[in-house]
Every structure is written in structure tokens, then in C-alpha cells.
Amino acid sequence: MPIPVEQRRSPLARQVSSMVLSHVQTDAPMAMVRAAAWHNALARTGVSLPLFIVHDLGVILSMSRGAGGYELGPRTVQLQRIAPAPAARGHIDGYRRLLQNISESDIAERLSGMRLRDELIGVLLARVVGDTYNRWRDKSRTGGQAAMPLDLEVFSDIDYAGHFADFDQRPLWSFLEHVVNQAMNVYTQVELIDLDTVRLLGMFKDGAGGQAAMGGTIDLVDLFAALGSPEAHDVANFSLDLLPSVLETTRSAGAQTFAVDGYASIERRGNVDSMVLSELAYPREIFDQKVVDNELLYYGRDKHREDERRLQYVIIDASASMRGQRQVFARGLALALIKKLTLKGDEIWLRFFDSRLHETMKMGRSGQVPVPYVLSFRSERGRNYGRVFRQLSGELGRLRADQKRNVVLYIITHGQCHIEPEIITQLKAHAFLYGIVVLPTGPLPEFVSMLDRQQIVEAATISNRNARQRRALDIVGDVTNDKQSAATSANVSRAGMKAAPAGDGI
Amino acid sequence: MARGGIEGSSDQALGLMQAGRWSDAERVYRELIGQMHVINYEYDDWLRNLVEVYKQLGRSYETAVVQLYLHYFDLAKAALRGTQQGGVDQPAMLARVAETEKRWTEAAELFAKAKLPMHAAVALERAELKDQTAPAWLSIVQAEASKLRPYEAALVHFNYGMAAAKLDVKSDEARRALIESQRKLEQVADDFETSGEYERAFDCFQILLRLGKESGQFENLAEGYVNCIRVLASDNLKFYVLQYYEDFVRLALERDEYQAAATVLQEAAAYSARVSLPYDRHYQTKAAKAWLRSAENSATVGAPPQMIENAMLAAASQFSAVGDYSSVRQVFDRLASLELGDRSKKRYAAIASKFVSMQGPALEAPGLPDYLKQQQAYADIWFADLLEWEMQGDPAAVASSIVGDLRYPNGIRRRALVILLTIAQANRSQSRTDAAVEIRLAELLGELQSYAALAPLEKLFASTEPSIRRAAVKSLRYLYFKRSFVMLRKALADDDEAVRSAAVVAIGGLHFPHAFNPLSRLFRESTDERVRRACLESIGKIASIEAAEFLIGVLRQTEGPLRDAAFTALRGIDNADALPILRQYAEVEHNQAVRDMLAQLVRRYS
């Protein structure tokens with residue numbers, strides 16, 4: 001028995017003992033370790049479930065049924081050893097029927113094909129069983145336990161029934177009864193998992209390395225909120241509508257070696273016309289040897305420095321004024337915009353604002369987008385646009401002065417955002433200003449006409465699928481067109497841009 | 001046989017009156033009317049006698065004040081017109097009489113004459129004289145706005161904007177004024193929140209809410225409501241929170257903002273569950289229905305099918321959470337009929353089939369009953385705060401605004417009358433600025449137990465004389481408002497030890513439910529053990545779950561007198577809901593001494 005004798009009465013042994021009631025069996029030895037990881041992730045969202053339920057539901061959501069996957073069925077011998085009371089046997093049957101229902105669900109099948117990471121499965125389980133758990137009377141008796149070890153050895157060859165007898169299992173039976181009473185709710189919650197949101201989480205690489213598997217290193221709280229919010233699902237659908245068109249862009253990157261622009265570095269490769277002239281001073285034999293060994297030195301040249309230094313700065317209004325469809329459009333558009341700009345190879349910063357400028361999410365060219373954060377960010381303050389934009393003006397001024405950055409500032413907001421004209425004037429000295437005003441009620445704010453470019457999204461547009469998609473793609477296309485790029489690279493061109501149609505006021 | 005007590009004094013006053021000893025009779029009657037627990041007819045009899053005494057003494061102003069209390073308006077006005085007393089602002093008092101009579105136009109003229117333009121403008125608002133109201137506010141904007149603090153300036157712009165918009169909805173001037181007001185309010189609200197004056201930030205959000213309501217701007221409506229709810233929730237004002245949630249939902253639905261309404265209802269459900277109120281299922285059911293309306297609306301306007309699908313799935317989730325599986329089936333049936341592709345349609349039909357035999361909930365979940373909703377949940381602060389500002393903390397002005405106003409209980413009106421007569425007496429004896437008079441006024445203002453007393457007390461607290469500051473702070477113990485803590489915090493940092501001690505006394509009196517946050521903040525920030533102990537005692541008297549949890553935390557994390565104070569406060573809490581929390585902490589506590597204390601409390605609560 002791998003659990004040491006001194007831990008026979010530990011929380012770990014108690015959790016493992018519940019596996020007697022498990023009705024999902026798999027040959028995969030790591031299944032138990034993964035179940036422990038899911039259990040830990042669940043506990044971090046405040047839901048502390050018996051291990052057998054975590055294991056069974058988690059396996060169903062992450063593995064396929066049948067050969068090489070899992071089978072439904074009780075651990076008969078173990079169950080006989082604990083000899084459940086007749087009432088408990090009824091609950092066990094109810095639990096088996098629940099698992100049967102879930103395993104037949106299309107959602108479970110499709111999730112199992114997505115190779116989800118353990119944290120993501122943990123959060124999905126919290127979504128599925130969290131409400132049921134929170135309605136359980138005795139939940140206070142399960143809290144405050146240490147994380148389970150993620151060690152295969154610990155979970156090998158355990159006599160579950162042996163451990164089962166060591167504990168007062170009344171809370172376990174009570175929870176099983178509660179789950180069976182709430183079975184249809186649990187089943188419904190599985191069917192309500194929004195696959196589009198899960199898919200969207202996978203379309204943007206997250207965390208270092210950009211693994212293909214979904215849900216890398218992520219903030220569980222953000223993820224939990226994103227997966228449970230109907231508005232987040234709308235954002236996800238909207239983004240997914242836009243992304244196929246957005247992804248047509250290709251990106252060019254890398255150092256250039258042809259003879260334009262100034263010198264930037266000394267390189268080991270290059271054209272003859274870039275060779276460092278002193279190389280020619282070597283004796284012929286040595287020169288030949290350096291050619292053979294690729295040891296000749298060449299000047300590297302600047303590659304469109306203003307292009308490299310361009311910063312796409314997206315700020316999204318997160319105040320309560322954006323509640324409802326404004327928020328859906330703003331965030332869906334922002335995700336598509338970020339993807340498009342990332343593919344163009346620009347550096348992108350993203351921030352939410354209300355009465356504060358919140359944390360800056362910096363997305364390099366590798367395209368790490370904090371999707372759960374974008375989907376689930378919630379403001380906990382009022383508005384103070386004067387303060388926000390004054391601070392922003394100062395920051396952009398420093399960026400321009402210290403780092404010579406060309407900044408394009410996208411302001412996604414609503415029709416009651418009244419920024420003082422003087423602040424807009426200051427901002428214009430540091431950045432190209434692009435405003436997107438979503439669903440304004442009443443006349444547009446005064447500052448909008450002062451922006452370098454603006455787009456107004458009206459109610460008629462937003463409520464129609466094709467119009468909404470077309471409008472959003474217009475904006476994304478407009479943002480990334482060459483004209484604008486040229487305009488952003490130098491102040492001189494800005495006047496020309498202002499002469500261009502300033503938004504179409506749709 | 002001579003009677004003692006109040007009856008004795010009453011007999012004595014009457015005797016003095018009959019003997020023509022008017023000054024002595026006045027002194028005795030003035031003492032008598034300080035009695036607050038006398039039944040109305042007896043009290044009013046005294047006042048009628050007092051009127052006679054004042055007439056005999058030729059004190060027209062005092063006569064008018066008492067007659068205003070008695071609502072003898074014509075007599076009060078006649079008395080005021082005959083007053084010869086210097087220093088009395090006759091038009092202002094006449095305006096108060098007209099205001100009490102609700103003769104708004106006359107009041108406006110008199111207030112203007114008394115150089116109280118904000119009072120005049122508000123009176124014009126009440127008179128609904130649109131043509132005169134907007135110019136009145138405009139002249140204040142032009143003449144006063146630069147002298148005002150940002151908050152009051154925002155209110156003036158707001159009132160002007162609203163008044164101008166009533167004349168012409170599309171008026172550019174009105175729009176500019178409202179935008180200016182909005183900008184200022186946003187900034188001021190943020191400043192108030194940052195400095196911990198949440199109740200004042202709340203006022204700003206209330207005005208934004210009103211702006212959204214009046215102008216049809218959902219952005220401001222949402223901003224106002226969501227932030228008001230946030231502040232109310234932080235004060236644990238549960239029923240106000242739910243009332244605001246419900247009002248916000250109603251207005252959102254009226255404006256076809258179904259999605260926002262549904263998410264707000266879900267938030268209301270989550271809040272209700274979090275604070276252990278039994279309305280979560282009611283709000284979840286309403287959220288489900290709002291999501292269905294959102295889906296229907298989306299379908300009508302040709303929205304993307306995914307939006308309709310998402311709204312219906314959200315409805316199913318809410319129905320499922322309340323156990324209404326019959327409705328869940330209906331939703332999936334409807335999903336199966338949407339234009340979503342064959343695979344989805346088949347899937348939803350299959351899901352619906354699993355709920356065929358399921359029933360709806362047996363009982364309808366209870367909602368927030370009407371009797372728990374407050375009629376005064378929304379105050380006209382855009383007027384009230386300006387009127388307060390214009391009174392400049394003058395106790396006479398404040399008392400005269402109360403004395404005839406029947407919205408105040410008689411007890412408060414009687415105290416206001418005493419204040420007015422005390423000031424009049426001091427004016428006559430030319431002792432108005434004496435420290436003794438100021439101290440007496442501070443005491444009387446405290447006994448007023450009204451929010452209106454705070455501004456005059458704040459003014460008295462600005463005195464350079466420590467004994468006046470001490471009296472002002474001590475009076476705070478009767479004023480159960482979060483704003484009391486603003487002055488209290490200043491008093492705790494006062495140079496004078498007696499003022500600081502008075503502040504500690506005041507803390508001991510401030511134990512109303514939403515004092516929990518300021519008290520706990522004071523406890524955390526203070527290094528003075530007396531202050532911290534006083535905070536713990538008051539928190540104990542609040543007796544809420546949050547108070548119990550806070551005290552348990554102090555019990556576990558401190559030692560010595562503070563731990564003892566927390567223990568004593570916990571022992572005095574009469575709240576059965578604290579028992580499970582105590583038990584939970586008693587089980588996990590490592591410190592033997594603390595565990596014993598917790599166990600003792602568990603036994604006591606059990």
C-alpha cells in the first residue's frame with residue numbers, strides 16, 4: 001500500500017478512499033494523478049469535491065469512451081467489501097445513471113478530442129458541479145485541505161476499500177445523495193459548456209512556448225469567470241466569426257541584409273556590397289579561408305526602424321457604462337484586432353480602463369493574448385476619464401521621448417465618455433488616435449471629432465449578424481491598412497489622414 | 001399642594017405669566033420646551049403661552065419662530081414683519097415660512113432677497129416655473145461656480161443642465177452643462193472613494209443615475225446603478241442593494257437592454273445567496289426569463305443565431321439551477337428549432353428528450369417583499385447638498401429649515417426650536433460668539449440626531465478654541481451617519497488631548513450597521529490602544545456576522561487588552577449565525593489560550 005502508515009488518517013487517505021465509489025475505469029496509469037491535479041485546481045476555485053467524482057467526471061471530459069479510453073462500470077469487488085446500505089445502493093445507481101447521461105453527451109465527446117490541460121478541466125468541473133456543491137448543506141466540512149500530491153507512486157496499488165473503513169463516511173454519502181438529487185442540474189451544466197469559448201482559448205497561444213494543447217498557464221479565476229459568463233460566450237462567438245477573415249494576413253519578420261537604410265550591426269552573412277571593408281585587407285589565403293568558414297564580417301542594416309518601433313496600444317473601457325452589448329462588441333472586436341495586429345508583426349499593449357488604467361498586457365510578436373482576462377475582466381470602480389487620459393498622455397509622452405515609439409492608440413468606449421478636448425490635444429502630440437464608439441445614446445462626445453480617425457457602431461449594426469461582422473471587419477481592415485501605417489510613421493502624414501474620411505458614422 | 005417635576009415647572013411658568021413676570025416666565029418655558037417626551041397637546045399649550053410671553057416682551061422674532069413650529073403661518077409672517085431686532089435675516093425667515101406653506105414662488109422671491117440664490121432656484125424648481133428656473137441656475141453658474149468646491153460646482157451644472165433641457169431637450173447649452181457636471185462628478189466620486197468617503201461617492205453615483213434616467217442614456221444609468229450597488233453592498237445594506245438591483249433591471253428592460261438586465265439579475269441572485277437572503281432562486285428565475293426575452297428580441301431584429309442560442313442557453317442554465325426542468329426542456333426544444341445546423345438541432349432535441357418527464361419547481365421562489373423596500377431610497381441630493389452648502393454650517397439656518405417641516409418627527413422639530421430660541425437669546429444678550437454658547441449649541445446640535453446637524457458641527461469643529469472642538473466631537477456620538485467619521489478622524493489627530501478623548505467617547509456611541517467599515521478602518525489605522533478598544537466595543541454592538549468575523553480575527557491575531565476587548569465584545573454579540581463561524585475557528589485554532597476563549601464563546605452561544 002503506497003500511502004504510508006503514518007498517513008492512514010490523512011486527508012489524502014480520506015480522498016483516495018472515496019474511489020471505492022468510482023464508476024469510471026481506465027487503463028491509463030496517469031488518470032489518478034491527473035484527477036489529483038483537477039482536484040487541486042477545483043479546490044483553488046473554492047470547490048472541494050470527493051476525489052471519485054472529480055476522477056469520473058474529469059476522465060469523461062478528457063478521454064474518449066471505449067478501447068484505449070475509459071469504460072463505465074463499478075469497482076465491484078471493492079464495493080462489495082464496503083457493503084453499502086440499501087439506500088446508499090440507490091444513490092450509487094443514480095450516480096451511475098448520471099455518468100451514463102454525461103458520457104453520451106456530444107459536448108463530452110468533443111471536449112475529449114481537444115486535449116485540454118489539467119487546469120482547464122479543473123475549471124470546467126467547477127462550472128459543472130460548482131453550483132451543486134454550493135447548495136450542499138455540509139460543504140463547510142470539506143474545506144481547508146492541503147493540495148494532493150501529483151506523484152504516480154502515491155496512487156499505485158491502493159486498497160480503496162481498506163482506507164474507506166478508516167473514516168466516518170457520512171459526509172461522503174450525504175454528498176452522493178445530494179449529487180443524485182441534483183443530477184439533472186449537473187447534466188445540464190455539462191451540456192451548457194460553451195465550446196466556442198473553449199475553442200477561442202485555444203486560438204490564442206497562451207503562456208511561454210505556445211504549446212498546441214489548450215489552456216496553458218492561465219489565471220484560473222479569469223478562466224472560471226470566462227467559462228461561466230453568457231456575455232463572454234457572445235464575445236467568443238463574435239471573435240470566432242471575425243477570426244477566419246482576420247487570419248488571412250501573413251506576417252513578415254527577420255533581419256534584412258540588403259543595402260537600404262542605415263547600418264545596424266555586424267553580421268556573419270550578407271552581400272558583397274555590405275562587407276566590412278577592412279576584410280579586404282587580409283592576405284588572399286586568409287581571406288579565402290574566411291569565406292569558406294563563413295567568418296567574413298558584413299554590415300547589418302536597419303530594417304524599417306519606425307515600423308519595428310510602432311506600438312499598437314489598445315485600451316478598452318471596462319466601466320459599468322459598457323454593460324450588455326457594448327461590452328460584447330468591444331471585447332470581441334478587441335480580440336480580433338489584436339490577432340490581426342499580431343499577425344502583422346506589431347507589438348501590442350492592451351489595457352482596460354475605468355477610473356484607473358489597469359494592468360498593461362504586453363503582447364509581443366509571438367502573439368500571447370490573455371483571452372480569459374479579456375473575456376472576464378470586471379471593473380470594480382466608477383469612471384474618471386480625466387485622470388485616466390491625463391495619465392495615459394504622460395506615459396505616451398515618455399514612450400515617445402525615451403524610446404522614440406510611434407504609438408497608435410485605439411480607444412474603445414461608449415457614447416458618454418467625455419474626455420476633455422485639452423487632454424485629447426495633448427494625446428495627439430504623442431500618438432495617432434483611433435476611436436471606436438460603441439452604441440452611443442444621443443449625440444457623440446465632443447472629443448470624437450478631434451480624433452485622427454473614428455468609427456461609430458450603431459444599434460442597427462450590432463443587432464444584425466452580417467452587419468455586425470461586416471462592421472467589425474471594416475474596422476479591423478481600416479486599422480491595419482497601409483494608408484494608416486504610413487500615417488502613423490510620421491507626423492507629417494497625419495494631416496493627410498485627417499483629410500481622409502473620418503469614419504463613416506454608420 | 002405644589003407639584004414637582006415637569007408639572008411643577010409648568011404650573012410655575014403659568015403662575016409667573018399670570019403675575020406678569022414675563023422674563024421669568026420665558027426662562028421657565030424655554031427650559032420646559034427642552035423636554036422632548038411630552039405629548040403634543042401639552043407641549044403645544046406651553047408654546048402658545050410662550051408666544052404670549054414673547055409678545056409681551058416684544059420679541060417678534062421668537063414669536064414668529066414658535067408660530068412657525070405651530071404652523072400659524074399668518075401670525076408668524078405678521079410677527080416677522082414687525083420685528084425690529086438687528087441681525088435677524090427677516091427675508092430668510094419669511095422665506096422659510098413660505099417654504100413650509102409650500103408657497104414656492106413667494107419663497108423663491110424671499111430667498112433671492114435674502115441673498116440665498118440656491119434656495120431661490122430650488123424653490124423655483126418646486127414651483128415648476130421652467131422659464132425662471134434655468135436662468136436662476138445659469139446665474140449661479142456664472143456668478144458662483146468658480147467659488148464652489150468641485151462637487152457643488154458639479155451639482156450647479158447638473159441643475160442648470162436639467163433645467164435648460166426641460167425648456168429645450170436639444171439645447172446645446174444644456175448638453176454642455178450636463179457634460180461638465182458629469183466630468184466633475186466622475187472625478188469627485190473617484191476622489192471620495194480614494195479617501196474612503198464612500199457615502200459621498202455614492203451621492204455622485206446617484207446623480208449619474210438620475211442623469212441617465214432623465215436623459216435616456218443607458219451608459220450613465222448603468223454607471224450610476226452599478227456603482228451605487230457596489231457602495232451599498234460594501235456597507236452591507238442588503239435590502240437597499242436588492243431594491244437598487246430591481247430598479248435597475250426594470251429600467252434596463254424598459255430600454256430593451258435585455259442582456260444587461262439578465263446579467264444584473266444573475267448578480268442579484270449571487271449577492272442574495274452570498275448574504276444568506278432567500279431570494280436567489282427568485283432572481284435566477286427572473287434572470288432566465290430576461291434571457292428568454294433577450295433571445296426573442298435578438299430573433300426579432302435578426303441578430304446572429306449564436307446570440308439567440310447563447311441567450312437561450314443562459315436561460316436554461318438559470319432554470320436548471322432552480323430545478324425548473326420543465327422549462328429547461330422547453331428551452332432546449334426551442335433551441336432545436338433554431339437555424340443552427342443539423343448537428344446542433346439534433347443535439348438539442350436529444351437533450352430535450354432527457355427532460356420529458358421532468359416537472360417544474362413545486363413552489364414559486366419568494367422575492368423581496370415590498371415592505372422591505374424603502375420609499376426614501378433616492379434623495380434629491382442635487383438640491384439638498386447645495387442647500388446645505390449655501391447655509392454655510394449656520395446652526396440658525398439649519399434649525400429654521402427643520403422647525404416647520406413636518407417630514408421631520410416632532411422630537412427633532414422641538415430640538416430645532418430650542419436651538420433657534422437659544423441663538424435668539426444669545427443674540428439679545430450679545431453673547432452669541434461666547435465659547436459657552438457655542439458649546440451649548442454643539443450639544444443641542446448633537447441631540448438633534450439629524451444629518452443636517454453635521455455641517456454646523458463641522459463648522460464648530462473648525463474653531464480655534466479646544467473646548468468648542470471637544471463639544472462638537474462629543475456630540476457626534478448621537479449622529480449615526482458615516483459622515484460623522486470624517487470629523488472623528490480629524491479629531492483623533494487633534495493637538496488637544498481633551499478633543500482626542502472626546503473622539504474616543506464618540507466612537508463608543510457610533511454602533512449602527514453601516515458603521516462597521518469605518519470602525520474597522522479606524523481600528524486598522526490607529527495605533528492608540530484606547531481608540532482601538534473603543535472600535536472593538538462598538539463593532540461588538542453592531543452584532544452582524546461581519547462584526548463577529550472581524551472580532552474573531554482580532555481575538556486570534558492580537559494579545560493583551562485588545563484580545564480581551566475582542567473577547568468581551570464577542571461575548572456580547574447576540575447573533576445565532578455567529579455560532580458556526582466560531583465553531584469553525586475553534587476547530588482550526590493552534591494557540592491554546594485563543595482556542596479556550598473560542599470554546600468558551602461556543603459554549604455561551606450554544
Side-chain angles (χ1 to χ4, degrees), chain A residues 101 104-107 131 134 140 143-144 182 184-185 187-189 191-192 194 196 229-231 233-234 237-238 240-241 319-326 328 355-356 379-387 414-418 420 439-443 445-446 460 462-466 468-469, chain B residues 175 179 182-183 186-187 189-190 193 201 204-205 208 212 215-220 222-227 230 252 257-264 273 291 297-298 301-307 309-311 313-314 316-317 320-321 323 325 328 332 343 347 350-351 354-355 358 580 584 588:
Chain A
N101 263 346
E104 287 167 2
S105 156
D106 192 37
I107 291 281
D131 186 48
N134 285 324
S140 60
Q182 294 281 315
M184 287 314 284
N185 186 27
Y187 164 71
T188 311
Q189 295 307 325
E191 293 290 8
L192 293 173
D194 188 70
D196 285 338
S229 154
E231 285 183 323
H233 300 165
D234 278 340
N237 284 143
F238 182 36
L240 289 170
D241 269 356
S319 67
S321 316
M322 296 289 284
R323 283 285 177 114
Q325 292 204 11
R326 290 172 188 80
V328 171
S355 64
R356 297 285 181 279
S379 164
E380 293 294 337
R381 300 190 72 97
R383 308 180 298 217
N384 187 350
Y385 296 132
R387 178 191 170 125
H414 56 86
Q416 291 304 320
C417 169
H418 294 290
E420 286 168 52
L439 285 183
T441 49
E446 189 182 3
I462 223 165
S463 56
N464 179 285
R465 181 188 187 183
N466 292 334
R468 182 173 78 157
Q469 189 178 352
Chain B
R175 183 173 138 75
I179 289 171
Q182 189 181 313
R183 280 187 192 133
E186 286 169 5
Q187 190 165 340
D190 189 27
E193 276 212 82
C204 300
F205 296 133
L208 281 178
S215 55
Q217 301 156 344
F218 184 74
E219 297 95 323
N220 281 330
E223 183 72 18
Y225 265 110
V226 170
N227 286 297
R230 185 167 55 79
E257 295 274 355
Y258 301 107
Q259 203 173 34
T263 51
V264 168
W291 280 121
N297 183 61
S298 298
V301 298
Q306 289 99 331
M307 271 182 84
E309 183 186 17
N310 284 339
L313 288 172
S317 174
S320 170
Y325 298 116
V328 174
F332 278 111
R343 183 172 178 170
R347 181 175 157 245
I351 296 170
K354 291 187 187 288
F355 292 89
M358 308 297 282
Q584 207 172 359
V588 297

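Chain identifiers are assigned alphabetically (A, B, ...) following the order of the sequence lines, protein sequences preceding nucleic acid strands; residue numbering begins at 1 within each chain.
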What is the ring orientation for Phe332(B) with Phe355(B), classed by angle as parallel under 30°, tilted 30 to 60°, or perpendicular over 60°?
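Plane angle under 30°, so parallel.
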What is the distance from atom CZ of Arg323(A) to atom CD of Glu219(B), rounded to the nearest 0.5 Å?
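Between atom CZ of Arg323(A) and atom CD of Glu219(B) there are 14.0 Å.
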Chain B contact via [X] - side chain, backbone, both or neither, heavy atoms under 4.5 Å:
X         : value
Gln189(A) : side chain
Asp131(A) : side chain
Pro445(A) : backbone

Can you find a heavy atom in the side chain of [X] that is under 4.5 Å from one in the side chain of [Y]?
X         : Y         : answer
His418(A) : Glu446(A) : no
His414(A) : Thr441(A) : no
Gln416(A) : Ser321(A) : no
Trp291(B) : Gln259(B) : yes
Val226(B) : Phe205(B) : no

Looking at [options], which one has more heavy-atom pairs under 4.5 Å with chain B than the rest?
options                         : answer
Arg387(A), Arg381(A), Glu104(A) : Arg381(A)
Leu192(A), Asn101(A), Asp194(A) : Leu192(A)
Ser355(A), Pro440(A), Ser105(A) : Ser355(A)

Checking heavy atoms, do the side chain of [X], its backbone, both or neither come under 4.5 Å from chain A?
X         : answer
Phe218(B) : both
Tyr258(B) : neither
Glu257(B) : side chain
Tyr225(B) : neither
Gln182(B) : side chain

Tell me which of these, [options], has more heavy-atom pairs under 4.5 Å with chain A than the rest.
options                         : result
Ala189(B), Ala321(B), Ala314(B) : Ala321(B)
Asn227(B), Asn310(B), Asn297(B) : Asn310(B)
Ile179(B), Thr263(B), Leu313(B) : Ile179(B)

Determine yes or no for a side-chain-to-main-chain donor-acceptor pair under 3.5 angstrom, with Arg383(A) supplying the side chain and Glu186(B) the backbone.
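Pair absent, no side-chain N/O of Arg383(A) close to backbone of Glu186(B).
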Whether over 12 other heavy atoms sit under 6.0 Å from Glu420(A) CD
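Count over threshold, so yes.
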